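This report concerns only the one structure given below.
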Protein chains: 2
Amino acid sequence: MKTSIEHIRDKISKKGLKVTPQRICILEAIYDLDNHPTADNITEYIRETHPNIATGTVYKVLETLVENNLIKKVKTDRDIMRYDGIIEAHHHLYCSECDLIEDYMDHELDELLKDYFKKKKFPGFKLEDIVVQIRGTFDKC
Amino acid sequence: MKTSIEHIRDKISKKGLKVTPQRICILEAIYDLDNHPTADNITEYIRETHPNIATGTVYKVLETLVENNLIKKVKTDRDIMRYDGIIEAHHHLYCSECDLIEDYMDHELDELLKDYFKKKKFPGFKLEDIVVQIRGTFDKC
DNA sequence: GTATGTGCAAACTTTTTGCACTTCG
DNA sequence: CGAAGTGCAAAAAGTTTGCACATAC
């Protein structure tokens, strides 16, 4: 079995991108930092072990990873972009009290929505993707 | 029947807020600019008729209106906040090609989701609100 | 070797803040 | 009149850019 880092190298390489230390550790950081980190969270985390990474590089790498579908951007109410290492379609639970965003996978819900929108046509609109945002409060918050 | 402006004054007044010209015209601007305007769109629009409004004021007023549930913030993939004059629960169609966001009201969908999540409990999470983001491409774009 | 990627610092955009002045009720 | 709201300008926060240098392949 491959190590985690080798998996990451593979993922980057398969997209035809150069495998650089910066790209490896940024992708690794997103997988490690599981609460949908901001660019700043990622930069801080990486600097612990890799102090020379530049802010600009982090943003450039994140943009490249998003374009190549290795990570996703997550919309929030705030004006800060957050990133998600899970690229399979999934939904999110947003906490009203704090900035926690929890992943929510629900295949049954996906089927339900797919069926619903199959009969419900939008004239002049080609449907690509449906994301459900579930807002509420976690007891722990 | 009341004029539109009187309606707007009423809405502000009913929240216990002072009815100022700035608040009136910002709320009016959001109703007029129907594609979920940014703070900047709103400022520009208002300055046509009311050149002295300050950027800071626009942000402060928008924040007040959001807090008092007279408007809503709309999440986007970009890092710009947009505002929505419709406060009733509704969903959005997002265009992948441009920055168009169209309102989508669908009571049947709301019922479907309400029923679905009634049986589907989230332990440790109090559900407040569900918003469906429908991404796709408009033919016109 | 060469195309691609990175570091750095400066610039840019969007949003927030503090405080004196003004206005609504 | 007094509490609440606004204007202004400065600063903060987040992100982008340009270019010389470095590196993966």
Side-chain angles (χ1 to χ4, degrees), chain A residues 5-6 8-29 36-47 49-68 70-71 73-83 99, chain B residues 5-6 8-29 36-47 49-68 70-71 73-83 99:
Chain A
I5 296 248
E6 278 168 14
I8 289 177
R9 300 184 70 95
D10 266 18
K11 285 190 181 187
I12 297 170
S13 180
K14 276 187 186 130
K15 299 289 181 177
L17 299 171
K18 284 190 182 173
V19 180
T20 67
Q22 292 82 349
R23 286 176 176 168
I24 294 168
C25 67
I26 287 173
L27 204 40
E28 205 182 7
H36 304 84
T38 62
D40 199 49
N41 296 151
I42 295 165
T43 308
E44 263 184 53
Y45 181 79
I46 291 172
R47 289 214 172 121
T49 54
H50 197 290
N52 293 353
I53 197 158
T55 315
T57 302
V58 173
Y59 281 102
K60 282 176 195 164
V61 169
L62 286 171
E63 207 46 44
T64 306
L65 297 177
V66 170
E67 280 165 12
N68 286 277
L70 288 167
I71 61 171
K73 290 187 172 183
V74 180
K75 295 172 244 291
T76 72
D77 271 338
R78 317 273 178 84
D79 54 347
I80 305 170
M81 192 55 62
R82 293 170 67 168
Y83 297 88
D99 60 2
Chain B
I5 297 247
E6 278 168 14
I8 290 176
R9 300 184 70 96
D10 266 17
K11 286 191 181 187
I12 297 170
S13 180
K14 277 189 186 129
K15 299 288 180 177
L17 299 171
K18 282 191 184 174
V19 180
T20 67
Q22 292 84 349
R23 287 178 176 166
I24 294 168
C25 67
I26 288 173
L27 205 40
E28 206 182 6
H36 304 86
T38 61
D40 198 49
N41 296 151
I42 295 165
T43 308
E44 263 183 54
Y45 182 79
I46 291 173
R47 289 214 172 122
T49 53
H50 197 289
N52 293 354
I53 197 158
T55 314
T57 302
V58 174
Y59 281 102
K60 282 176 196 164
V61 168
L62 287 171
E63 207 46 45
T64 307
L65 297 177
V66 170
E67 280 165 11
N68 285 277
L70 287 167
I71 61 172
K73 290 187 173 184
V74 180
K75 295 172 244 290
T76 72
D77 270 337
R78 317 272 180 83
D79 54 348
I80 303 170
M81 193 54 64
R82 294 170 66 168
Y83 297 88
D99 59 2

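Computed from a predicted model, the values in this text were never measured in an experiment.
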Please report, rounded to the nearest Å, how far the [atom2] atom of [N] is from the [atom1] atom of [X].
X: A/K60; N: D/dT16; atom1: NZ; atom2: P; result: 11 Å
X: A/R82; N: D/dT15; atom1: CZ; atom2: C1'; result: 17 Å
X: A/K73; N: D/dT16; atom1: NZ; atom2: C1'; result: 11 Å
X: B/E63; N: D/dT6; atom1: CD; atom2: P; result: 14 Å
X: B/N52; N: D/dG5; atom1: CG; atom2: C1'; result: 16 Å
X: B/H50; N: C/dT23; atom1: NE2; atom2: P; result: 11 Å
X: B/I80; N: D/dT16; atom1: CD1; atom2: P; result: 10 Å
X: B/I42; N: C/dT14; atom1: CD1; atom2: P; result: 13 Å

Okay, side chain of B/R82, backbone of B/V74: is any donor-acceptor separation there less than 3.5 Å? no
Base, sugar-phosphate or nothing for A/D40? Non-hydrogen atoms, less than 4.0 Å.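 No contact at all - A/D40 keeps every heavy atom at 4.0 Å or more from the nucleic acid.
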Would you classify A/T57 as touching base, sugar-phosphate or nothing, given that sugar-phosphate means primed atoms plus P, OP1 and OP2, and contacts are heavy atoms under 4.0 Å? base
Nearest-neighbour nucleotide for the [X] side chain, [options] considered:
X: B/L17; options: C/dT15, D/dG5, D/dC8; value: D/dG5
X: B/A54; options: D/dT15, D/dC8, D/dC25; value: D/dC8
X: A/V61; options: C/dA3, D/dT6, C/dT6; value: C/dT6
X: B/V19; options: D/dT6, C/dG25, C/dT15; value: C/dG25

Heavy-atom distance under 4.5 Å between the side chains of A/Y83 and A/K73, does that happen here?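 Yes - at least one pair of side-chain heavy atoms lies under 4.5 Å apart.
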Starting from the 5' end of DNA chain C, give me the residue, A/T64 or A/G56, whose nearest nucleotide shows up first. A/T64
With nearest nucleotide decided by heavy atoms, which residue, B/T38 or A/R23, maps closer to the 5′ end of DNA chain C?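 Nearest-nucleotide comparison on DNA chain C picks A/R23.
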May I ask you to verify if any side-chain N or O of A/Q22 is less than 4.0 angstrom from the OP1 or OP2 atom of C/dG7? yes
OP1 or OP2 of D/dT16 less than 4.0 angstrom from a side-chain nitrogen or oxygen of A/Y59, does that happen here?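 Checking A/Y59 against D/dT16: no side-chain N or O falls below 4.0 Å of OP1 or OP2.
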Cut-off 3.5 Å, side chains only: do A/T38 and A/N41 have a donor facing an acceptor? yes
Under 3.5 Å, is there a donor-acceptor pair linking the side chains of B/D40 and B/T43?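 Absent: no donor and acceptor within the cut-off.
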Under a 4.0 Å threshold between the charged nitrogen and the carboxylate oxygen, would B/R9 count as salt-bridged to B/E28? no
